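Letters go in sequence order (proteins before strands), and every chain restarts at 1. None of these values were measured; they are calculated from a predicted model.
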Amino acid sequence: MGPTNANAGRGDWFRATLGRPVTITMLVLGASAALVLGAAFGGPAAAALAPVAVVVAIVAIVWWIADRKAENVFWKHVADSLGFEPFFDPTALETTTPLLHAGDRRSWKHELMGPLGESGLTARLAQYRYEVREESANDKTPDKWTSYRYTICLVELESGMPMFPGLYLRERRGLLGGLDHDWLDGRRLSKVELESTEFNETYELQIASQQDEGRLREFFDPKTIVWFSEHPLRPHVEFRAGFLVVYVPGYIEDLGRVVWLLEAAERIAGRVVAEVGEAHATVAGEPAPG
Amino acid sequence: MTVLLVVAGLLALVGLWVVLTNNSFIRARNKVDEAWSGIDIQLKRRHDLVPNLVDTVKGYAAHESATLAAVTQARAAAMGAGSGADRGAAEERLTSALDGIRVVAEQYPDLKASQSFQTLMAQLSELEDQIQAARRIFNANVNSYNTRIQLFPNTLVAGGKFTARDLFQLDSPAERAVPAVAF
């Protein structure tokens, strides 16, 4: 049985790494060197404080290494459990939807790819971060970077492209949310409210100008609206140019929530596929499937 | 002069609050109506499905005329019912009558195995799920609207213009039944 979250086993890794001969040697040598150099150049106070600073720095580095190790072991376990494989060059996804193209700098972690449940579709799962640069007023201070983190699941659904030219669903932002960076700013989108007060209080739904609103309302049938309103993850959605991105803010770091995210992506992709099938059946003059 | 300005400012604030509150009531009421039309659409879809279902069953189980007649009558009553409690009761009777078809199907293996019957039953099951979901949306909207107009000081604005709406009850007898637990 593997770790259930990215922090599980971190303490064990920390203790194991701290107990390694190389770490102990570094601690002893580093503290001794700091003591000698502190005494030689800074006096008694520096001689006392320098070894402590060196020990704290080394322990902090060991903690960071243990943290990364535990995280990597967890994601390896996630991949093994789900039958996923790492995928490379996630930057190719940055042209797909506005979120994945947001900000001035983007980075990816734990990129995995594999089957999306029983749907026959392929999912790409990753931790994604974009950063926004705030230019410094002068040359002396560096630019300020603000980062925004998400866990995303991307599914290619080319068949849905003509029916859904642009659909953006995310959790409603409060009054202070307006101060945050909005990657949809400047796009020609219109806000839509559905029939459920609860849904409208929870989510903010925006669509591209070419989006057929009737089709959108068929997609959001009552079951789907209730499902979104009651889902514990509050899944956010972007669907543009045949790419469906189901995402949640922050990095998911436990297996249960990873599975929830994938199940949510499967459910939403299933709705798109069903709508496309229904539209094709209607065009062909056949009775639409239930 | 200062006193007059203060009074005018307060009156303006009260006026603004009345307008905003009134608008929020209208929005909430419109959402209730919109949710009702969502239920109505799903119920009409179910009404449209019933004749096909009755015809299919008739082909395999012509002797079950009483069950089929009950379904047809319940459908007609549901289509003719108004709204609110009457509509709920009529739809509930239709649900019970449709349960009778499920019982009939158990006695006719050929009917149960028929592709068209299975398709219709799958559609019916999906529609019933959609009706349940639409009902939950409607009732949640009604609760939100009723709470909004009944809270003080909102009641001062609501007056007699905005009245509380009824929930739409559509629980099948099976749902209401308390399960017997044996120890």
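- With rounding to the nearest 0.5 Å, the separation of CD in Glu195(A) from CD1 in Ile39(B) is 10.0 Å.
- With a threshold of 4.5 angstrom between heavy atoms, Glu201(A) approaches chain B through side-chain atoms but not through N, CA, C or O.
- Atoms CG and CD1, on Asp221(A) and Ile41(B) in that order, are 11.5 Å from each other to the nearest 0.5 Å.
- Pairing each heavy atom of Pro222(A) with each of Ala134(B), the nearest pair is CB-N, 3.5 Å.
- In His101(A), the NE2 atom is not crowded: 12 or fewer heavy atoms of neighbouring residues, nucleotides or ligands sit closer than 6.0 Å.
- Taking a 6.0 Å sphere around CZ of Arg124(A), one finds it holds more than 12 heavy atoms contributed by other residues, nucleotides or ligands.
- Considering all non-hydrogen atoms of both residues, Glu193(A) and Lys31(B) come closest at OE1-CE, 3.6 Å.
- Of all non-hydrogen atoms in Ser144(B) and Thr197(A), the two that sit nearest each other are OG-CG2, 3.8 Å.
- Annotation for Glu198(A) and Asn141(B): closest pair N-OD1, 4.4 Å, computed over non-hydrogen atoms.
- Taking the salt bridge (Lys or Arg N to Asp or Glu O under 4.0 Å) definition, one finds that Asp40(B) meets it with Lys44(B), Arg87(B), sequence neighbours left out.
- Applying a 4.5 Å heavy-atom cutoff, none of the residues of residues 249-266 of chain A approach chain B.
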Start with the C-alpha distance between Val226(A) and Gln132(B), add both sets of side-chain angles, then the distance that settles side chain to side chain contact (heavy atoms under 4.5 Å, CB included), and finish with yes or no. CA-CA 10 Å; Val226(A) 169; Gln132(B) 287 299 327; over 6 Å; no
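- Side-chain N or O atoms of Gln130(B) include one that pairs as donor or acceptor with a backbone N or O of Lys223(A) at under 3.5 Å.
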